[in-house]
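What follows is a set of notes on a single structure, which appears directly below.
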Amino acid sequence: MKIGVFVCLCGSNIAATVDVETVAESARGLPDVAYAKAEMYACSEPGQAAIRAAIEERGLTGVVVASCSPRMHENTFRRAVERAGLNPYLFEMANIREHVSWVSLDKAANTRKASELVRAAVEKLRCNRGLQRSRFDVHKRAMVVGGGVAGIQAALDLAEGGLTVALVERESSIGGKMAKLDKTFPTVDCSTCILGPKMVDVAQHPNITLYAHSEVESVSGYVGNFSVKVRRRATFVDWTKCTGCGLCMEKCPSRKGPDRFNERLATTTAIGIPFPQAIPKKATIDPDACLRLTKGKCGVCAKVCPTGAIDFEMADEMIEEEVGAIVAATGYDVFDPAACAEYGAGRHPDVINSLQYERMLSASGPTRGHVVRPSDGREPGTVVFVQCVGSRDLSLGRPYCSGFCCMATAKQAVLTRDHVPDAEIIVFYIDIRAPQKGYEEFVNRAREEYGVRYCRGRVSSIYRVGDKTVVRGADTLLGAQMEVEADLVVLAVGGQPSEGARALAEKLRISSDQYGFFMEGHPKLRPVETNTAGVFLAGACQGLKDIPSSVAQGSAAAAKALVLLSRDKLESDPQVARVNPKRCIGCGKCVSVCPFGAIRLVETRFGTQVAEVVEAVCQGCGVCNVACMDKAIQLDHFTDDQILAEVNALCREWRVAN
Amino acid sequence: MSGMACSELKIIGFLCNWCSYGGADTAGVARFRQPTDLRIIRLPCTGRMDPLFVLKALLGGADGVLVSGCHPFDCHYSSGNFMARRRLEVLARFLPVLGIDPRRFVYTWVSAAEGAKWQAVVTAFTETIHELGPAPRVLDPDDAPLRFKEGREIWPT
């Protein structure tokens, strides 16, 4: 083998704390290394050209690049060596940036470490063999999980792009959080007026199949060929017959069920349509509130339904979907302020959260758009907003900024002025975060034009005196204690990953961060991809964001899925397990440990059993490689020999270093 | 490095590509300073982690071995980290039988987001190994009784 070693300076990122010339010099002494050179930026066009030129001119048969993490640029360099006619798997990377130059300032130790990592990479490369990618068919169909504004946008873009789409929504209507909002900032647009038409488009688009009141049960398969089981939860109403007339809602005698769409500000009937613009506009029975389903009596809805759609015997239904790509757009949940006992949410009736207030502002909400005190229904004279409830609070395990609450509060303060012209409006805040287009101007308008009083300081406690709610806090700009007798207190709650996000991450085999938000492939360069090929992210499930960003990410995820599925065939990763039939004794251990069912036992012509790997199904985890007692099954590119070559190389260096 | 009197020792890390390797990258990107003794080998999954790799390293001259993978229920391949846990638990119990100080081997869970945790894990383990000092070397890496003698004989290049 003729190996070329390229040591990247990465400007000063590596060169500042690693002596790259020494690393290249030490590489020249390694077995099979024919050429070693330091490169300014190996990943740049001239850097890649130098690698290609060296391969062609010197007849190199293997390349090692010592630079950044292979998670960053392995594919870049694989493509570069492939263009020079080399098999892309005759290439190895040594990570001397993230694991060396950036974690220590000790140049001598770093240089030694980098040289050893290069040696390990060279030793591994000497055991590599060229691997061939195979090609497989894809399903030209995508699934979007979550029907909030991000999911709606993704589904519509995918459908417009020519793919068929399955949209799965847990609630009985799509629309998500945005459907609950009265207005949107900073334009004070009517939320329903801009979301409603999109929801109708989803319902009417010939390429979209909508599964409302459904959840993802399980996911198997791999990029291009996912097989998803969707559980359609029983609605107890035959949606093919339901016309959405609402007669059942009028007659239902059970009216004490919590109204989840109105954030429990009101109660609702056991059967019903969550809101007037719901898509699909179909009735659903809440089995916990329905008298017929809990006590066996009643059945009024079945009597009044003009189409006979009510079916009390309905059970959950399972549907199999075959899709090529999946977009996760599961959104967020609002923080439950009951965890902040000092604010009295849940104990004091006139302390509500910002989403409840939004329902109160909405003309289709429980108060028909009138701002009232929940305790007595009177119009409030003083309305206090408290910012950063469940955000930027280490004691609650939420050190992050939720991003949208500053602007939501400014919008609600402005709307409060419209609803109650002579109200006193006070906002307690820590900092105002208004970095997007038109946001800062909007906050200033709230202050100047709408007379909203902004007090910089955190609220320490909220308590009840008579029929007033007292907000105690500080104005840190004046350096004074503040006590405000409020009629209505609105807690601007932050967000958290939606319930069930973790379970979905497990099914999709994607990672979550420490809070439970889904991890993107790369924070800068792969913001909507995940580390699982074919699974994309859109909206607040990836990190809290406002509506414009969610819509943008929905479109971005759709574009990525369209790019993926624009090809008729995909290339498989050849780093899969391979059986040596001469060594295999057919014990079947590998079959039992494989999490993907990618290995099966086949009979040889001698009547014995031997394992066989289904390449398209194998994901390359290597569990079988360890389980095999005879080492007859080896994971290509991570064979025992290759890993032990690295171990050997690192152990051998030990003697030199000490 | 500060606080550590003796010179560098040899620690080999086996890291899952999807989580801990990314976590080590995250720590690097955030410039979290770490001791320089660790050398990382990338695996597709800790399910690929053969317990014999640990033995090979510890007998061959490494002073410590660190294996790090995904948190439970966070495995890219659904269950590889549980496989690893079973295998490595058994291995950890056998190390004293083989005359190897069990403190020289640690396996842990670090996600790709946990750069600070990675820094803490590396720093703590390196300190432990420095307290234990250099390990006796039993094998010469060039003669390879534990080598599986697979690869090149079986897979034509």
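To find a chain, count down the sequence lines: A is the first, B the second, and so on, and within it residues start at 1.
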Considering only heavy atoms and a distance below 4.5 Å, find which of B/Ala24, B/Cys70, B/Cys16 pairs most often with chain A.
B/Ala24
Tell me, side chain or backbone of B/Ile12 under 4.5 Å from chain A's heavy atoms, or both, or neither?
side chain
From the options B/Arg86, B/Arg85, B/Arg93, select the one residue that forms a side chain to side chain donor-acceptor pair (under 3.5 Å) with B/Glu89.
B/Arg93
A/Phe638 six-ring centre to A/Lys124 NZ/CZ under 6.0 Å and within 45° of normal:
yes
Regarding B/Asp63 and B/His130, is there a side-chain donor-to-acceptor distance under 3.5 Å anywhere?
no
Heavy-atom pair count under 4.5 Å with chain B, highest-scoring of A/Met1, A/Glu646, A/Lys113:
A/Lys113
Short N-O contact, A/Asp630 and A/Arg583, less than 4.0 angstrom:
no
Carefully, step by step, assess A/Asn625 and A/Asp640 under the rule side-chain contact (heavy atoms from CB on, under 4.5 Å).
CA-CA 8 Å; A/Asn625 196 152; A/Asp640 290 326; 3.4 Å; yes
Assess, by modelled atom type and distance only, whether the side chains of B/Asp25 and A/Asn95 contain a donor and an acceptor separated by less than 3.5 Å.
yes
Angle class for the B/Phe14/B/Phe53 ring planes (parallel below 30°, perpendicular above 60°, tilted otherwise)?
parallel
Can you check side-chain contact (heavy atoms from CB on, under 4.5 Å) on A/Thr639 and A/Ile643, steps first, answer last?
CA-CA 6 Å; A/Thr639 64; A/Ile643 295 170; over 6 Å; no
Do B/Phe94 and B/Phe105 have their ring centres less than 6.0 Å from each other?
no
Counting only non-hydrogen atoms closer than 4.5 Å, does A/Ala121 touch chain B with its backbone (N, CA, C, O), its side chain (CB onward), both, or neither?
neither
Contact origin within A/Glu92 toward chain B - heavy atom pairs under 4.5 Å:
neither
Evaluate side-chain contact (heavy atoms from CB on, under 4.5 Å) for A/Leu644 paired with B/Lys56, printing each intermediate quantity in order.
CA-CA 8 Å; A/Leu644 286 174; B/Lys56 173 75 180 168; 3.7 Å; yes
Residues 96-104 of chain A: residues contacting chain B (heavy atom under 4.5 Å, by number)
A/Glu98, A/His99, A/Trp102, A/Val103, A/Ser104
Of the listed B/Ser79, B/Ala113, B/Ser111, B/Ala30, the one with the largest count of heavy-atom pairs under 4.5 Å with chain A is B/Ala113
Going by distance alone, is a donor N or O of one side chain under 3.5 Å from an acceptor N or O of the other, for B/Asn17 and A/Arg71?
no
Do A/Phe596 and A/Tyr222 make the cut of ring centroids closer than 6.0 angstrom?
no
Against chain B, work out which of A/Asp513, A/Leu508, A/Leu90, A/Leu635 has the most heavy-atom pairs shorter than 4.5 Å and name it.
A/Leu635
Pick whichever of B/Arg42, B/Met83, B/Glu114 has the most heavy-atom pairs under 4.5 Å with chain A.
B/Arg42
Assert top hit (heavy-atom pairs under 4.5 Å, partner chain B, pool A/Leu117, A/Asn531, A/Thr532) equals A/Asn531
Portion of B/Ala84 that has a non-hydrogen atom of chain A nearer than 4.5 angstrom
neither
From CZ (A/Phe517) to CZ (A/Arg502), nearest 0.5 Å:
10.5 Å
Relative to chain B, which of A/Pro70, A/Cys68, A/Pro523 shows the most heavy atom pairs under 4.5 Å?
A/Pro70
Which atoms of A/Ile510 are under 4.5 Å from chain B, going by heavy atoms: the side chain, the backbone, both sets, or neither?
backbone
Pick whichever of A/Lys582, A/His637, A/Gln642, A/Glu74 has the most heavy-atom pairs under 4.5 Å with chain B.
A/Glu74
Among A/Ser69, A/Ala503, A/Ala505, who wins on heavy-atom pairs under 4.5 Å with chain B?
A/Ser69
Heavy-atom proximity to chain A below 4.5 Å, by part of B/Phe32:
backbone
